[in-house]
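Have a look at the structure below before the remarks.
Numbered from 1 within each chain, the chains take letters A, B, ... in sequence-line order. These figures come from a predicted structure and were not determined experimentally.
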There are 2 protein chains.
Amino acid sequence: METVKKRSECPISCSLDVFGDKWSLLIIRDLMFWGKSTYGDFLKSEEGIATNILASRLQTLEENKIIEKLEHPGSKAKNLYRLTEKGIDLLPVLTEIYLWAEKFFSIPADIKATIDEAKKDKEAFMQTTMKDLKKQLEE
Amino acid sequence: METVKKRSECPISCSLDVFGDKWSLLIIRDLMFWGKSTYGDFLKSEEGIATNILASRLQTLEENKIIEKLEHPGSKAKNLYRLTEKGIDLLPVLTEIYLWAEKFFSIPADIKATIDEAKKDKEAFMQTTMKDLKKQLEE
DNA sequence: TCTTTGCACTTGCAAATTGCAAGCAAAATT
DNA sequence: AATTTTGCTTGCAATTTGCAAGTGCAAAGA
């Protein structure tokens, strides 16, 4: 475990030290919106993350308490990753990225519904989604 | 100018292709909240970006229409960088990162006031700040 | 029981990116 | 005219990434 070296005390900079790369937020996206929870799940995502990078990011996110690693209830061969409260609290950040992207990129059909819901009533969307995510922590 | 290679059609992934690194959002932060506008200004930020990385990031952000490069009204030696509308629209993303960070990091005194204002009334903060930023585009 | 498959990584290595120091040309200052 | 400022570019070493292959363990199948 390496010591986390901050570049500055700026909250944005500190945040980017945690998730400021091309992959971490995609893992969080998969956990938050698409029900993924295992190493194999993340590997299947269409962006095609390399296996060593995935292992490394999962470790960093775990060290920073964004996710936690648990035994998989269905199989000893698998691990189950899930968002912590701190990770769930990133929902507004991810949501705003979705809403920004919606203005400037074309949105694939399978994601459209989710974004439209967020667009229609942002607060309601975030409250509902956050409640669902926190419910998972009780299990 | 290199062609932008998307990893997928996912809006989060496309967004990270644009600003998903340790430096781009810090440049945007400097433009958005701290009135910085020149190469030298960004270089002075406490995180200490390398000169070649800064030049490279400014170019990428310009190519992606997040910022634009103009003649500096006061000096021909300087360039003036400013956020486009597309860049200004990232305000909610930056604001939510601030609010997330506020929950999990200790906040330096000089930034505290800004974050407290956002925390007290997020919508009002964003409306006011966005209005100020858009006013700069008219000049 | 033995073999095969699935899962979660780790390792080795080449390629790309980053960080640091130095250099450079045009403009501004002295 | 000489020096400093500004916005870069260049060279190179160090770090990080991406790809392919390999490893160890658990569960399933023959």
Side-chain angles (χ1 to χ4, degrees), chain A residues 1-8 13 16-27 30-31 35-64 67-82, chain B residues 1-8 13 16-28 30-31 35-64 66-82:
Chain A
M1 179 143 72
E2 59 204 286
T3 36
V4 184
K5 45 207 155 181
K6 283 187 187 180
R7 290 174 295 171
S8 78
S13 171
L16 294 177
D17 287 340
V18 174
F19 57 74
D21 68 88
K22 291 229 178 299
W23 296 108
S24 296
L25 284 178
L26 294 185
I27 296 171
D30 286 347
L31 284 160
K36 301 195 175 186
S37 61
T38 68
Y39 183 94
D41 287 342
F42 304 127
L43 214 56
K44 273 176 226 143
S45 289
E46 57 179 341
E47 289 84 12
I49 190 171
T51 57
N52 53 346
I53 304 294
L54 176 55
S56 154
R57 288 302 177 280
L58 288 171
Q59 199 187 322
T60 306
L61 288 172
E62 197 187 356
E63 280 168 16
N64 285 290
I67 64 175
E68 56 193 352
K69 185 179 183 175
L70 306 167
E71 282 182 17
H72 196 286
S75 159
K76 274 190 188 170
K78 294 185 187 181
N79 295 314
L80 186 139
Y81 294 95
R82 71 177 185 193
Chain B
M1 178 146 73
E2 59 204 285
T3 35
V4 184
K5 46 209 154 182
K6 283 187 186 179
R7 291 175 294 173
S8 79
S13 170
L16 294 177
D17 287 340
V18 174
F19 58 75
D21 68 88
K22 292 229 179 299
W23 297 108
S24 297
L25 285 178
L26 295 185
I27 295 170
I28 297 169
D30 285 348
L31 285 160
K36 302 196 175 185
S37 62
T38 69
Y39 184 93
D41 287 342
F42 304 127
L43 215 56
K44 274 176 225 143
S45 288
E46 61 178 338
E47 290 84 11
I49 189 170
T51 58
N52 54 346
I53 304 294
L54 175 56
S56 154
R57 287 303 177 279
L58 287 171
Q59 199 187 322
T60 306
L61 289 171
E62 197 189 356
E63 280 168 15
N64 286 289
I66 306 293
I67 65 176
E68 54 193 353
K69 184 181 183 172
L70 306 167
E71 282 182 17
H72 196 286
S75 160
K76 275 190 187 170
K78 294 185 186 180
N79 295 314
L80 186 138
Y81 294 95
R82 70 177 185 193

Worksheet item: Can you tell me how far C1' of C:dC9 sits from CZ of A:F42, to the nearest Å?
Response: 14 Å

Worksheet item: Can you check the B:I49 CD1 to C:dC20 P distance for me, whole Å?
Response: 11 Å

Practice prompt. Rounded off to whole Å, could you give me the CG-to-C1' distance for the B:L26 and C:dT18 pair?
Written response: 15 Å

Item to complete: Between C:dC9, D:dT9, D:dG18, spot the one nearest the side chain of A:I53, thanks.
Response: D:dG18

Worksheet item: Is the phosphate of D:dT17, meaning OP1 or OP2, less than 4.0 Å from a side-chain N or O of A:R57?
Response: yes

Worksheet item: Should B:R7 and B:D17 count as an ion pair when the cut-off is N to O under 4.0 Å?
Response: yes

Fill in: Test item: side-chain donor near acceptor, B:K36 and B:S45, under 3.5 Å
yes

Practice prompt. Give a yes/no on whether any side-chain N or O of A:Y81 is located under 4.0 angstrom from OP1 or OP2 of C:dC7.
Written response: no

Worksheet item: For the pair made of NZ in A:K44 and P in C:dC9, what is the distance, rounded to whole Å?
Response: 14 Å

Worksheet item: Do the charged groups of A:D21 and A:R57 touch, with an N to O distance under 4.0 Å?
Response: yes

Worksheet item: Any donor and acceptor pair, going by atom type alone, linking the side chain of B:T60 with main-chain N or O of B:S56 inside 3.5 Å?
Response: yes

Discussion item. Rounded to whole Å, please give me the gap between NZ in A:K22 and P in C:dA16.
Written reply: 16 Å

Worksheet item: So do B:L80 and B:P73 actually touch side chain to side chain, heavy atoms under 4.5 Å?
Response: yes

Worksheet item: Can you tell me how far C1' of C:dA22 sits from CG of B:L43, to the nearest Å?
Response: 15 Å

Worksheet item: With a 3.5 Å cut-off and just heavy-atom distances, do the side chain of B:T38 and the base of D:dT6 make a donor-acceptor pair?
Response: no

Fill in: Strand contacts (DNA chain C) in residues 67-79 of chain A, 4.0 angstrom heavy-atom criterion
A:K69, A:A77, A:K78, A:N79

Worksheet item: Roughly how many Å is it from CD in B:Q59 to P in C:dT17, rounded to a whole number?
Response: 13 Å

Worksheet item: Do B:E71 and B:K76 meet the salt-bridge criterion of a basic N to acidic O distance under 4.0 Å?
Response: no

Worksheet item: Roughly, in whole Å, what's the span from CG in B:L58 to P in D:dT6?
Response: 16 Å

Worksheet item: What pair of heavy atoms forms the shortest contact from A:F42 to A:I49, and how long is it?
Response: O-CG2, 4.1 Å

Worksheet item: Which residue, A:A50 or B:D41, contacts DNA chain D at a nucleotide closer to its 5' end, judged by nearest heavy atom?
Response: B:D41

Discussion item. Quick check on D:dT16: is either OP1 or OP2 less than 4.0 Å from any side-chain nitrogen or oxygen of A:W23?
Written reply: no

